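As the structure is a computational prediction, the values presented were derived from the model and not from experiment. FYI, side chains are in, hydrogens and waters are out, and symmetry mates aren't considered; it's all heavy atoms of this structure. Labels below follow one simple rule: chain letters A, B, ... track the order of the sequence lines, proteins then strands, and each chain is numbered from 1.
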Protein chains: 2
Amino acid sequence: MSTTRAKARKNARPEVVYHKLRELIVRGQLAPGARIVETDVASRLGVSRTPVRGALQRLNQEGYIVESPRLQQSRPMVAPLTREDAHELFFIVAEIEGLAARLAAMKPAKERDGLVKQLTAINDDFHRAAQARRQDHNKLWELDENFHRCYVEAGAGPRLMALHDAVKPQAERYERLYVSLLARDLATSVTEHRTIVRAIKSGSPDAAQEAVQTNWRNAAARLGSVIESVGERGSW
Amino acid sequence: MSTTRAKARKNARPEVVYHKLRELIVRGQLAPGARIVETDVASRLGVSRTPVRGALQRLNQEGYIVESPRLQQSRPMVAPLTREDAHELFFIVAEIEGLAARLAAMKPAKERDGLVKQLTAINDDFHRAAQARRQDHNKLWELDENFHRCYVEAGAGPRLMALHDAVKPQAERYERLYVSLLARDLATSVTEHRTIVRAIKSGSPDAAQEAVQTNWRNAAARLGSVIESVGERGSW
DNA sequence: TGGAACAGAATTGTATACAATTTCTCCGCA
DNA sequence: TGCGGAGAAATTGTATACAATTCTGTTCCA
């Protein structure tokens with residue numbers, strides 16, 4: 001579990017390599033299946049292989065990169081996007097964020113009030129952005145992300161938070177796919193979000209957990225029906 | 001999430017360093033709070049710092065070691081054991097294994113039959129081992145571990161399995177504490193295990209998930225009431 | 001033509017030297 | 001005695017050289 005939360009250690013080189021690569025993978029500029037070569041990355045970013053190695057190992061542990069099933073050496077490549085993977089991943093997120101929502105709904109009413117206000121505001125923005133003539137996929141993704149992060153941060157303790165931080169980013173690639181491929185279907189998400197907010201507002205742990213899980217599981221189903229191996233894309 | 005499942009790559013040096021250190025930490029021979037020095041480990045195990053670094057990074061990501069100061073260098077030390085940490089960790093395991101149990105309970109009856117037989121056998125062994133005059137803590141831990149692993153493997157897909165593999169080992173330190181400190185209270189566990197088996201046997205997803213979660217949450221509560229900062233222990 | 005084998009290139013694994021940073025120690029001084 | 005600081009020791013960060021492994025392309029033989 002990445003206990004390794006966003007390290008404050010900004011200038012650490014493995015850190016910047018990690019973020020650069022992760023960004024490229026998540027945005028699809030480094031295509032699923034693409035090979036990653038330590039020396040290339042190192043020379044492109046102007047560092048030696050040592051920090052690159054650290055970054056690669058982390059990306060591997062976090063599932064962005066997989067190792068070709070070779071024997072003695074690893075030969076890493078960008079993890080592919082599959083329907084099954086998306087499904088399982090979203091179900092896992094459903095559990096984690098569901099638990100966080102349950103905990104958030106158990107907070108004293110006073111705390112919940114502020115949270116509910118925030119959530120409502122974000123979801124309204126999300127609604128508007130979804131209805132806009134010219135949709136901004138980037139912004140849509142960010143708003144959805146914020147919505148979920150909001151109640152997770154309110155409910156989760158450090159350990160659950162760390163788990164969330166370890167797992168959730170892996171869903172980012174699929175979430176971006178979601179808003180791209182299902183741009184017209186986002187009204188459903190708005191409604192599901194409202195259900196979550198209501199449950200937290202009324203302080204119903206069971207309902208909150210249920211609502212979050214439903215939201216994610218439905219998303220998994222919707223995405224699964226349109227993801228057909230979004231093949232090679234972009235290069236670097 | 002350690003997508004990095006137990007690598008078949010046996011002879012890989014980072015792998016053996018990782019396992020050696022992990023074992024020492026989990027068994028308490030490397031005390032919570034103890035500093036870990038790359039060069040020491042390297043010379044003790046007869047390798048250079050490079051593979052040690054890999055192992056250390058992984059142990060860090062998996063939560064076995066933490067970085068003490070917020071400076072520019074890491075200075076890793078063995079993660080301490082606390083009541084709060086145990087509580088949160090067990091609740092997380094409750095979610096993960098609960099989900100796995102739910103999925104296991106949804107398998108066709110034919111598959112479930114074999115599973116139920118296995119689970120019953122293990123739990124009976126566990127029962128006997130718990131009642132033995134001279135308890136073998138090591139064996140007790142292993143049996144409990146097997147019991148849970150059994151239904152998890154039956155129900156979980158690769159991603160959930162990977163998540164489980166990433167999180168569960170971190171609970172090992174607390175589980176061993178549990179069987180040591182609560183040796184006389186293990187009958188309760190046997191009973192809770194029986195409830196799990198019944199739910200899977202009857203193919204009730206809700207009941208199975210609930211039973212697993214109850215088992216872990218109760219364990220968290222029981223452990224929490226006796227864990228009092230099990231201070232420094234052992235050295236290397 | 002097809003395939004096996006070999007040579008060379010490409011790539012990762014490991015060790016080690018050096019640089020940067022942190023911690024420790026001990027001495028001076030009030 | 002206690003505090004502060006300078007310099008030494010310890011420790012981690014980075015780069016790089018070399019070793020081990022895997023991949024690629026070509027040649028040679030059936």
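- The CG-P distance, from D40(B) to dA10(D), rounds to 11 Å in whole Å.
- The interatomic distance linking M77(B) (CE) with dT23(C) (P) rounds to 13 Å, in whole Å.
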N/O donor to acceptor pairs below 3.5 angstrom from side-chain atoms of residues 31-38 of chain B, sequence neighbours left out:
residue, atom, partner, partner atom, Å
R35(B), NE, P76(B), O, 3.4
E38(B), OE1, R49(B), NE, 2.8
E38(B), OE1, R49(B), NH2, 3.0
E38(B), OE2, R53(B), NH1, 2.8

Can you name the atoms? Protein N/O to nucleotides 15-19 of chain D N/O, anything below 3.5 Å, with the distance.
residue, atom, partner, partner atom, Å
dA15(D), OP1, R13(A), NH1, 3.3
dA15(D), OP2, S48(A), N, 2.8
dA15(D), OP2, S48(A), OG, 2.8
dA15(D), N7, T50(A), OG1, 2.6

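- Of the candidates dT12(D), dT14(D), dT21(D), the closest approach to any side-chain atom of E38(B) belongs to dT12(D).
- Residue L56(B) is classed as having no contact, given no heavy-atom separation below 4.0 Å to the nucleic acid.
- Taking CE of M161(B) as the reference point, atom CD of E88(A) lies at 10.5 Å (rounded to 0.5 Å).
- Close placement of the W216(A) and H148(A) rings is indicated, their centers lying within 6.0 Å of each other.
- Y178(A) and D144(A) share no donor-acceptor pair across their side chains, judged by distance under 3.5 Å alone.
- Atom CD in Q57(B) sits about 11 Å away from atom P in dT14(D), given to the nearest Å.
- The side chain of R35(A) contributes an N or O atom lying less than 4.0 Å from OP1 or OP2 of dT12(C).
- For the pair R53(B) and dG13(D), the criterion of a side-chain N or O lying under 4.0 Å from OP1 or OP2 is met.
- Following rounding to the nearest Å, E67(A) (CD) and dT21(D) (P) show an atom-to-atom distance of 17 Å.
- Between Q118(A) and Y151(A), the side chains place no donor N or O within less than 3.5 Å of an acceptor N or O (distance only, hydrogens not considered).
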For this session: Please lay out, stage by stage, how E62(B) and Y18(B) fare under the test side chain to side chain contact (heavy atoms under 4.5 Å, CB included).
Result: CA-CA 11 Å; E62(B) 295 180 359; Y18(B) 167 82; 2.5 Å; yes

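- Rounded to a whole Å, the CD1 atom of I36(B) is 10 Å from the P atom of dT12(D).
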